[in-house]
Structure formats: structure tokens, C-alpha cells
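To keep things clear, I will list the structure first and then write my remarks on it.
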Number of protein chains: 2
Amino acid sequence: MARPKAQPYHHGQLREALATSGRALLEEKGIRGFTLRECARRAGVSHAAPAYHFASIDDLLAELAARGFQELGSAMTAEADRAEGGATGRLVAQGVGYMAFAAGNPALFQLMFSREANRLETPTLAAAAEAVRKLQAAAVEAVIPHASGEIKQRMADFAGASVHGFISLLLEGEIGGKDSSRALKVRGLSLLSAMAETVVRVGG
Amino acid sequence: MARPKAQPYHHGQLREALATSGRALLEEKGIRGFTLRECARRAGVSHAAPAYHFASIDDLLAELAARGFQELGSAMTAEADRAEGGATGRLVAQGVGYMAFAAGNPALFQLMFSREANRLETPTLAAAAEAVRKLQAAAVEAVIPHASGEIKQRMADFAGASVHGFISLLLEGEIGGKDSSRALKVRGLSLLSAMAETVVRVGG
DNA sequence: TTCCGCCTCTTTCCAGCGTCAAGATTCCAG
DNA sequence: CTGGAATCTTGACGCTGGAAAGAGGCGGAA
């Protein structure tokens with residue numbers, strides 16, 4: 001096996017390496033502190049190398065966001081799949097997965113919903129975001145299968161907004177300033193059950 | 001050579017001028033596109049002048065965010081004060097004011113809830129954000145005056161999260177991609193009434 | 001095999017950025 | 001009237017993203 005030298009001229013996996021170092025850098029420095037050069041530095045290449053894999057820094061951010069949406073979708077389905085309690089249980093669990101991902105990757109989550117990533121609207125990013133949206137809509141519709149399309153849409157709005165809003169405000173520090181992590185989880189679950197009850201009540 | 005009156009050596013109102021030009025610049029270029037030098041340029045001063053009024057660019061952004069929270073609070077109370085339908089009507093109207101402000105100042109709204117502003121946690125910013133939080137809590141409590149403190153808190157979480165989440169997702173393009181402005185308002189109002197009904201039902 | 005074209009990466013350069021330091025100007029307390 | 005303090009300008013530093021040009025390595029064609 002021809003193991004590559006310590007620093008070969010051709011990296012070979014630079015796109016992946018940049019996505020990895022970029023994600024770490026993003027969580028470390030935040031969106032404003034993110035720089036292409038530092039990202040390249042961590043991947044062990046010169047500052048101009050990324051240009052051959054990402055057209056611009058916004059293009060790289062869009063890629064990070066797209067990967068984030070894919071991972072978010074996985075987190076949601078994984079949590080939902082191990083849930084009990086039928087469709088309603090799945091809806092709540094999916095919300096738990098959503099919140100857990102956001103809490104574990106706050107800067108990435110912020111980027112995904114920040115419009116900074118959407119400056120360069122790549123098809124990959126749009127598709128990844130759309131997949132997450134459909135996941136949410138499907139979970140809501142499974143709870144109220146006999147409701148009208150309009151009601152389903154409005155309940156999907158409602159469910160998505162509640163979950164997204166709560167975790168956003170929490171990460172921003174607008175909710176539960178000095179509460180313990182344990183207490184915050186209780187508040188999150190409480191919100192999720194109130195949301196699910198509303199979906200059932202209005203839609204059923 | 002005498003300086004033109006229009007641009008005297010001492011500006012006199014530079015802090016205000018920077019806040020004004022900064023706000024416009026923010027909406028134009030977004031958070032990442034915001035630069036201190038362009039801000040100074042628009043205010044008609046040299047690039048180093050802002051340093052005497054704002055310690056850093058983050059300090060200026062924090063000021064913009066703080067002013068944003070004050071204005072948001074005003075928008076909420078103004079809308080609530082002209083509402084009918086008692087406490088519940090006020091709660092819904094306050095949500096309308098919240099959404100209207102966000103829709104009218106998307107970049108500022110994003111900054112206010114972006115944690116980029118909170119890097120430099122000024123007392124002014126913290127107080128302004130706290131005032132908005134109290135406004136929301138008060139509107140919820142007025143609807144369910146006899147509920148327990150815990151229920152009140154959870155309903156405040158719920159109401160705040162729904163409203164904030166909906167408008168955030170809308171501004172980000174995650175909700176209602178090709179719907180008309182009119183249709184979006186209907187969806188927003190529908191969400192607000194579902195939220196208010198839940199508060200009444202759970203808390204009452 | 002050798003060779004040539006293409007892709008990848010480095011080096012160099014540019015304008016613009018935030019911030020600091022020093023000098024110029026104006027204001028105002030004494 | 002005067003001198004210090006506040007405000008603003010100019011200039012400099014190291015950083016940034018991006019463009020341009022050259023070097024290195026891969027792989028298909030001869």
C-alpha cells in the first residue's frame with residue numbers, strides 16, 4: 001500500500017478535509033470568525049488550494065450547511081425510529097432529535113438557518129433542506145391522516161415553528177438563563193408534548 | 001483651506017450617524033457583509049473615527065441589536081394596544097407586531113438572535129432583550145392569570161417559540177416558498193390563533 | 001515505455017478589512 | 001485666554017478573500 005508521504009503535493013481528499021476542518025472551525029469561531037485561510041491551514045494546504053474545490057467561501061459554507069441538513073435529517077429519523085407511542089410518539093421523538101442536533105452543533109445549526117449560507121443557493125443545499133422539511137411534514141401528517149391539506153400544512157407550520165423556535169431561543173440564551181441542563185430538557189419535552197397535543201386536537 | 005460646513009472636523013452626532021448608517025448597511029449586506037469602514041464612509045468620516053464611539057465592530061453590532069430590541073418592544077406594544085378581544089387578542093396582536101418587525105428588518109432581526117451580537121454582552125443589550133422577554137411573558141400571563149407559575153412559564157416558552165420559530169423559518173425561506181404575501185399572512189395568523197388556543201386550553 | 005495535457009497545489013500579488021498609534025483640529029473648563 | 005481633553009485624520013500593521021502565474025504529479029495516447 002502506497003501510503004502517502006507526510007505532506008504530498010497532491011492532497012487527494014482535500015474536499016473532505018476542508019469540510020471536516022471547516023466544521024470544527026465553525027463551531028470554534030462562529031460564523032463571523034470563520035476564515036477560509038484558517039480552514040486551509042488546518043487541512044495542511046496553502047490558502048489558495050480550496051479554490052479548486054469550492055468557488056468561494058460562501059460555496060464552502062453552503063456545503064457545510066448542506067451536510068448539516070443531511071445529518072439533521074438522520075438525527076431526526078434515528079430518534080423517531082426508536083420511539084414508542086405511535087405517530088404522536090414519533091412526532092415528539094423527531095422533535096427531540098431536532099433539538100439534540102441543534103444543541104450539539106449550535107454554530108452549524110445557526111449557519112443552516114442564517115441566510116448567509118443561502119447567498120449561494122446550491123442545489124445540494126436546497127435539496128437537503130427540503131428533505132428535512134418533508135420529514136417534518138410527514139411526521140405531522142401521520143398524526144392527523146384524515147385532516148384536510150390545509151390543516152395539515154398549518155399544523156406542519158405550527159410543529160416546525162415550535163420546535164425550531166424553542167431550540168433557537170435556547171441556544172441564543174433567550175430561554176432558561178440559569179436553568180440546569182436537566183431542567184431545560186424537561187422544558188423542551190413539555191413544549192413538545194404541548195405541540196403534539198395541539199396537532200392532535202386541531203387536526204383530529 | 002476652509003472645510004465645507006457639510007463636513008466639519010467634528011461631526012457632533014457621529015454615534016447616532018453610525019447607528020443609522022450601520023443599520024442600513026446591515027440590511028443591505030447582511031451580517032457577514034457588514035464592515036466598519038463602509039459604515040464610517042456612509043457617515044462621512046474617516047475609517048478610524050468610529051473607534052471613539054464604539055470600542056470594536058462587535059460593540060457597534062451590539063448597539064444595533066440593542067436598539068433593535070427596543071424597537072421590537074415598541075412594535076409589540078403598539079400592536080397590542082390597538083387590539084380588541086381582551087387578553088387573548090392582545091397576545092395574538094403582540095405576536096403580529098413581533099412578526100411584522102422581523103419581516104421589516106430581517107437582517108437586524110437575525111443579528112439580534114445570532115449570538116454574534118452577544119459576543120460582547122453589553123448591559124444595554126441584555127436589558128433590551130430582557131424587556132422584550134418580559135413583554136411576552138406578561139401577555140401570556142394575562143391570558144391565564146390563575147395558572148401555576150410553572151404552567152405560565154411553559155406557556156410563555158411555547159408562545160415565544162411558536163412566534164419566533166415561524167417568522168424565523170419564513171425569513172429563511174423554509175416556510176411558504178412560493179406563497180403570496182397575503183397567503184403568508186393568513187398562515188401566520190392561523191399559527192398565532194392555534195398558539196393562543198393552546199395557551200388558553202392548557203393554562204385555563 | 002515516453003510524453004503531453006490537465007488537474008491540483010504553491011507562490012505571489014492585490015485591494016480591503018479591523019485595529020492601533022501619532023498627529024491635527026476643535027471644544028471647553030479654568 | 002489658555003492648556004488639556006475630546007474628536008477626527010492619516011498612516012501603518014497583519015490579517016482576509018480572491019486572482020494570476022508557475023510548479024508538481026497523474027493518467028491517457030502515442
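Values reported hereafter were calculated over all heavy atoms of this structure, with side chains retained and with hydrogens, waters and symmetry mates removed. Chain letters run A, B, ... following the sequence lines, proteins first and then strands; every chain starts at 1.
OP1 or OP2 of D:dT16 sits under 4.0 Å from a side-chain N or O of A:Thr35. Put simply, A:Arg41 has a side-chain N or O that comes within less than 4.0 Å of OP1 or OP2 on D:dT16. At C:dC7, none of the side-chain N or O atoms of A:His53 fall inside 4.0 Å of OP1 or OP2 (strictly under the cut-off). For C:dA15, neither phosphate oxygen OP1 nor OP2 lies less than 4.0 angstrom from any side-chain nitrogen or oxygen of B:Arg37.
Atom CG of A:Leu36 is separated from atom P of C:dC9 by 14 Å (rounded to the nearest Å). Atom P of nucleotide C:dC9 and atom CZ of A:Arg15 are separated by 12 Å, given to the nearest angstrom. The nearest whole Å value for the distance from the CG atom in B:Asp59 to the P atom in C:dG18 is 14 Å. When rounded to the nearest whole Å, the span between CZ of B:Arg32 and C1' of C:dG16 equals 15 Å. Between the CD atom of A:Glu38 and the P atom of D:dT16 there is a distance of 7 Å, given to the nearest Å.
Here the CD-CG distance, from B:Gln136 to B:Asp157, works out to 10.0 Å after rounding to the nearest 0.5 Å. From B:Phe54, atom CZ reaches atom CG of B:Leu60 across 5.0 Å, with rounding to the nearest 0.5 Å.
Ion pairing of B:Lys134 with B:Glu141 is absent here, as no side-chain N (NZ or NE/NH1/NH2) approaches a carboxylate O to less than 4.0 Å.
In this structure, the side chain of A:Lys152 engages the main chain of A:Pro145 through a donor-acceptor pair within 3.5 Å. Checked by atom type and distance alone, the side chain of A:Ser21 pairs as donor or acceptor with a backbone atom of A:Cys39 at under 3.5 Å.
Side-chain atoms of B:Ile57 lie closest to C:dG18 of the nucleotides D:dC8, C:dT11, C:dG18. When distances are taken from the side chain of B:Ser46 to each of D:dT7, C:dT10, D:dT10, the shortest belongs to D:dT10.
Between A:Ser190 and B:Arg154, the shortest heavy-atom contact is OG-CD, 2.8 Å.
Nearer the 5' end of DNA chain D, as judged by each residue's closest nucleotide, is the contact made by B:Gln13, out of B:His47 and B:Gln13.
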Per-nucleotide pairing state of DNA chain D [Watson-Crick or G-U, under 3.5 Å; [ ] pseudoknot-crossing; | other strand]: ||||||||||||||||||||||||||||||

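Contact annotation: the side chain of A:His164 approaches that of A:Phe109 to within less than 4.5 Å [non-hydrogen atoms, C-beta and beyond].
In terms of polar N and O atoms assigned as donor or acceptor, the side chain of A:Tyr52 comes within less than 3.5 Å of the base of C:dC9 in a complementary pairing.
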